[in-house]
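Worksheet for the structure shown next.
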Amino acid sequence: MTDTVDDVELPFDEDASKQEKIETLQEQIEVLKSQNEEMRDDLLDANAENNKFQQKLERLNHENKKLKQSPLFVATVQEMTDDGAIIKQHGNNQEALTEVTDELRAEIDPDDRVAVNNSLSIVKSLDDETDVRARVMQVDQSPDVGYEDIGGIHDQIEEVRETVEMPLDRPEMFDEVGIDPPSGVLLHGPPGTGKTMLAKAVANQTDATFIKMAGSELVHKFIGEGAKLVRDLFDLARQHEPAVIFIDEIDAIAAKRTDSKTSGDAEVQRTMMQLLSEMDGFEDRGEIRIIAATNRFDMLDRAILRPGRFDRLIEVPKPDREGREQIFEIHTRNMNLAESVDFAHLAEATDEASGADVKAICTEAGMFAIRDDRTQVTDRDFLDAWAKIQDEEDDDSISRTFA
Ligand SMILES: Nc1ncnc2c1ncn2[C@@H]1O[C@H](COP(=O)(O)OP(=O)(O)OP(=O)(O)O)[C@@H](O)[C@H]1O
């Protein structure tokens with residue numbers, strides 16, 4: 001493109017008016033050129049501005065993500081003032097004035113529970129949906145598990161019946177003999193061996209309400225609530241007597257003290273102290289029994305095992321060959337099995353399988369038959385299912401190692 005008209009050669013006899021016209025055009029071109037440059041500069045500025053906004057947006061997104069990831073503390077709103085909200089933190093009862101955004105201001109009222117971050121900014125209001133109590137406590141009026149559904153741990157069932165069922169069913173026996181029934185029973189052993197089933201079966205047998213509390217949820221989700229939730233748990237049990245309280249993963253609340261002094265550790269300690277004080281002060285326990293379970297017995301703080309607390313320890317191991325055979329029988333009760341299926345052979349071939357593994361093998365074997373368009377499940381299906389489950393478990397442990 002030529003951007004000047006300097007080179008245009010005029011005919012010798014060109015009249016002056018044409019020359020003038022050309023000059024005017026030349027001027028206009030110059031003006032347009034400078035306007036064009038100005039616009040280009042504006043565009044560059046706008047781009048730079050846009051980049052700056054983009055970076056800011058990314059930073060805010062990142063902070064937002066971080067805010068959501070870090071642990072949140074629970075507080076109750078005391079008062080809304082022009083300067084912000086006055087909140088009282090659970091756990092340490094300290095009051096603080098914190099600013100609130102206009103959107104949150106519209107949502108929050110005094111007495112509402114809110115989640116705050118490390119710098120005490122309100123991150124969200126805790127409505128019924130996020131109510132921690134509902135999330136960590138599961139109430140089952142009549143669990144549908146019976147002792148006949150549990151295989152391979154006969155001795156453990158007997159022990160639980162004696163220590164939990166008897167005091168609920170025939171408390172007068174203990175009075176007459178003159179001994180106190182064991183306070184709490186601790187079931188320990190590898191995952192998936194039937195600990196939860198056992199606690200449910202006792203509740204079912206005694207017509208007690210089954211109240212399950214997950215230890216890990218209790219301390220990891222909302223810091224500051226643990227001790228209060230433990231109090232709520234025992235209140236709830238009193239309202240539902242007879243009741244069996246089942247605390248799963250108790251190691252999350254009652255792990256040995258470590259040297260670190262993080263707020264998380266202090267919270268775990270407070271939650272455990274509350275649990276111990278509920279158990280110690282439970283003179284007239286009435287018709288409430290406490291069962292706890294753990295896969296990490298080695299991690300437990302010995303304080304919870306003292307007399308009057310979890311003073312009856314019951315180990316629930318993985319089933320042996322005979323146990324696996326019984327568990328296969330239980331979980332295939334409703335299955336359409338081919339004649340070839342031999343439980344003794346399956347039990348032999350599934351060394352190291354837990355009760356939960358055996359249950360998974362049965363379901364997967366059924367899936368193999370369905371994929372093959374058959375309605376009968378064969379011995380081969382069970383063996384293929386076990387091979388598949390072991391492969392998956394290996395993959396899981398490899399990905400955990402490299403995570
Ligand atoms: N001994 C068993 N007899 C029959 N089924 C079992 C047995 N153990 C486990 N199962 C099956 O595995 C499932 C999980 O078992 P359960 O939740 O009782 O294990 P758990 O020991 O409490 O495990 P975790 O420690 O992982 O909570 C049960 O619902 C049941 O189907």
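Start at 1 and go down the list; that is how both ligands and their atoms are numbered.
- The aromatic rings of Phe328 and Phe382 stand perpendicular to each other, their planes meeting at an angle above 60°, with 30° marking the opposite boundary.
- Protein residues having at least one heavy atom under 4.0 Å from any atom of ligand 1 are Asp149, Ile150, Gly151, Pro191, Gly192, Thr193, Gly194, Lys195, Thr196, Met197, Asp248, Asn295, Ile327, His331, Gly355, Ala356, Lys359, listed by chain and number.
- A cation-pi arrangement is present between Arg302 and Phe297, with the terminal nitrogen or guanidinium carbon under 6.0 Å from the aromatic centre and inside a 45° cone about the axis.
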Q) How far apart are the C-alpha atoms of Arg238 and Glu278, what are their side-chain angles, what is the distance that settles it, and do they pass the salt bridge (charged side-chain N to carboxylate O under 4.0 Å, His left out) test? A) CA-CA 12 Å; Arg238 283 183 200 103; Glu278 288 286 349; 3.5 Å; yes
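- Between Asp381 and Arg374, at least one side-chain N (NZ, or NE/NH1/NH2) sits under 4.0 Å from a carboxylate O, which counts as a salt bridge.
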(Q) One pair to check against salt bridge (charged side-chain N to carboxylate O under 4.0 Å, His left out): Lys228 and Asp232. What are the steps and the verdict? (A) CA-CA 6 Å; Lys228 183 175 175 298; Asp232 286 355; 3.4 Å; yes
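- Between Asp351 and the choices Arg321, Arg324, Lys318, the salt bridge (charged side-chain N to carboxylate O under 4.0 Å, His left out) rule is met once, by Arg324.
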